[in-house]
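Here is the structure we will look at, set down as structure tokens.
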There are 2 protein chains.
Amino acid sequence: MRDHNEQVHTTMNEPQLMSQNRVKPIKRETFSNQIAANLRRAIISGEIESGSQITESDLAARFGVSRGPLREAMGQIAAEGLIETIPYTGTRVLKLSPEDVREIYSLRTSLETLAFREVWERRDEAFVRELEIRHKALLETLALDDHVASSEAEVRFHSLVYETCGHKLLLESWRRIAGRMQLYLAEHQRAHGRKAPIEDAHERYLQLAVGNSLALMLEEIDAHMQRGFRQMEQYLSFAD
Amino acid sequence: MRDHNEQVHTTMNEPQLMSQNRVKPIKRETFSNQIAANLRRAIISGEIESGSQITESDLAARFGVSRGPLREAMGQIAAEGLIETIPYTGTRVLKLSPEDVREIYSLRTSLETLAFREVWERRDEAFVRELEIRHKALLETLALDDHVASSEAEVRFHSLVYETCGHKLLLESWRRIAGRMQLYLAEHQRAHGRKAPIEDAHERYLQLAVGNSLALMLEEIDAHMQRGFRQMEQYLSFAD
DNA sequence: TTATTGTAGATTGTCAACAATTTACTATTA
DNA sequence: TAATAGTAAATTGTTGACAATCTACAATAA
């Protein structure tokens, strides 16, 4: 848990390396950030169960860290909505209700609509290529049985338009709900042993996203979200 | 700064009071939350200037509190976007660029459109009354010269639809940008000695919000936002 | 037996000290 | 003089202890 920050070594006898790869600034990663990443993963993977009560002391012991940075990490995760903290009382892991899921889909529709409006004229080859890479990655995770990886791949696929559109606030808004969406996707798969998403759904999304008609793409966003939501409804009624 | 929580006293010889007013649960307010509120206000009021570098030790001394809860408060304010923290380096107060303001308006348009779609069939007398109360409060602050109060009143006026629509995630998204919007409004007024908003703009907004045509209201949201943004552009060109 | 009260234990929030890192300033070198 | 190196000071991040608060359990009263 106590990693040492790796320094980037540049050797003087490799001038080609120097000219081809930009030397990126080193960003110091706080310990509490690392704990937050572990905690996020533990929640999404189901290791820490939705709806369960968690305590700082217990988690600090489990992760082998002191309470201070663990508490900061929890603050971050709470800001992302994956846990809910009531002062002086305790903290509970988010348990998504059907209504929560409906909200995720409806808000996503609005945000993704805006994102595509913003990005439409600025799509370029890099965007297309990256979207295809992420789509391929998504399909590949479906061959595995890793709920965390495939839910993450789906979030990454949908994230590209936000990352590309140059609207910081919108990207931030997306990031705020992406964790919840990933939690839902991972849980859904665990609960139903079903591989999500439907494969051809994202194929069509991809084709329209790189296509020539914004209107068609916006219709597809609507349809894509409604399909996602209807699928969830189906599984809920089947589970009951 | 160290307030004591006030207890609600119920006297036994006032049964009428008991039956008419619900005894509300007491919510414990953490110290760090209180600090966050003060810090938020100091930023929005301009007491702590946009773009300025702030340090935990300095603020802790200024507020007369210890660094721990001050640090937590700063974490909260950072999550709201009013300050930006770079690990191990420092924290800067948000300085809104014209592009930031454009983003606020475009995202608000999407969110407020969704909010009115969600709320339209569930508007009732209480909604109408409350919107009128908040509109009136907004007009009253215009008579004063208090940038913080009037910017706050404008945010409150626009908040009602989010609070009413029953979409938690949407309310949360709104709250994430509301602080930035208030900061912009307050700064704008300070910089230009102009009373914002234009008075009849909110009159029209109110009429349509309580009216019968969702389509007209959605057009007004678009128009309202475009007017706001155009006004900002005007002031920017005038200031240069 | 059920309801109420009191208290111990568990947990959360704050505090102050220490560790880690960065920034600013000074001295040295070219 | 400008650039570089070294170091002190300032600041951020973490730690462990203490204070404040809540919850669970035991004892008492009805």
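So that the names make sense, note that chain A is the first sequence line, chain B the second, and so on, each numbered from 1. All values derive from a computational prediction rather than experimental measurement.
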For this session: Look at A:S57 and C:dA10 and indicate whether a side-chain polar atom (N or O) is within less than 4.0 Å of OP1 or OP2.
Result: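 It does not, given that no N or O in the side chain of A:S57 lies less than 4.0 Å from OP1 or OP2 of C:dA10.
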Exercise. Counting just side-chain N and O atoms, does A:T55 come under 4.0 Å of either OP1 or OP2 of C:dA10?
Worked result: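 No, because none of the side-chain N or O atoms of A:T55 sits under 4.0 Å from OP1 or OP2 of C:dA10.
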[atom2] on [Y] to [atom1] on [X], rounded to 0.5 Å:
X	Y	atom1	atom2	result
A:E112	A:C165	CD	SG	10.5 Å
B:D58	B:T91	CG	OG1	11.5 Å
B:F63	B:Q34	CZ	CD	12.0 Å

Exercise. With respect to the side chain of A:T30, which nucleotide from D:dT11, D:dG13, D:dC22 is positioned closest?
Worked result: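 Minimum distance to the A:T30 side chain belongs to D:dG13.
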Problem set entry | Listed nucleotide nearest any side-chain atom of B:E56, set D:dT14, C:dG13, D:dT12 |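 That would be D:dT12.
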Could you run down the sub-3.5 Å N/O contacts of the protein with nucleotides 16-18 of chain D?
none

Exercise. Is a side-chain N or O of B:R190 found less than 3.5 angstrom from the main chain of B:S45, in a donor-acceptor match?
Worked result: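 A pair under 3.5 Å: yes.
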Interatomic distance, [X] [atom1] vs [N] [atom2] [rounded to whole Å]:
X	N	atom1	atom2	answer
A:Q34	D:dT14	CD	P	9 Å
B:I54	D:dT11	CD1	C1'	13 Å
A:E29	C:dA20	CD	P	18 Å
B:R92	D:dT11	CZ	C1'	15 Å
B:R71	C:dG13	CZ	P	16 Å
B:D58	D:dA10	CG	C1'	12 Å
B:I86	D:dT11	CD1	P	16 Å
A:F31	D:dT12	CZ	P	20 Å

Exercise. Is there a side-chain contact between A:Y184 and A:Y105 (heavy atoms, below 4.5 Å)?
Worked result: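 Yes, close enough: below the 4.5 Å cut-off.
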For this session: Determine, step by step, whether B:E49 and B:V93 satisfy the side chain to side chain contact (heavy atoms under 4.5 Å, CB included) criterion, reporting the C-alpha distance in whole Å, the side-chain angles of both residues, the deciding distance to 0.1 Å, and the verdict.
Result: CA-CA 7 Å; B:E49 214 176 306; B:V93 180; over 6 Å; no
Exercise. Applying the side-chain contact (heavy atoms from CB on, under 4.5 Å) test to A:S50, which of A:L94, A:I44, A:L183, A:L96 qualifies?
Worked result: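 Going through the options one by one, the only one that passes is A:L183.
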Exercise. When you match A:P69 and A:Y88 each to their closest nucleotide on DNA chain D, which lands nearer the 5' end?
Worked result: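 With A:P69 and A:Y88 compared, the 5'-side residue is A:P69.
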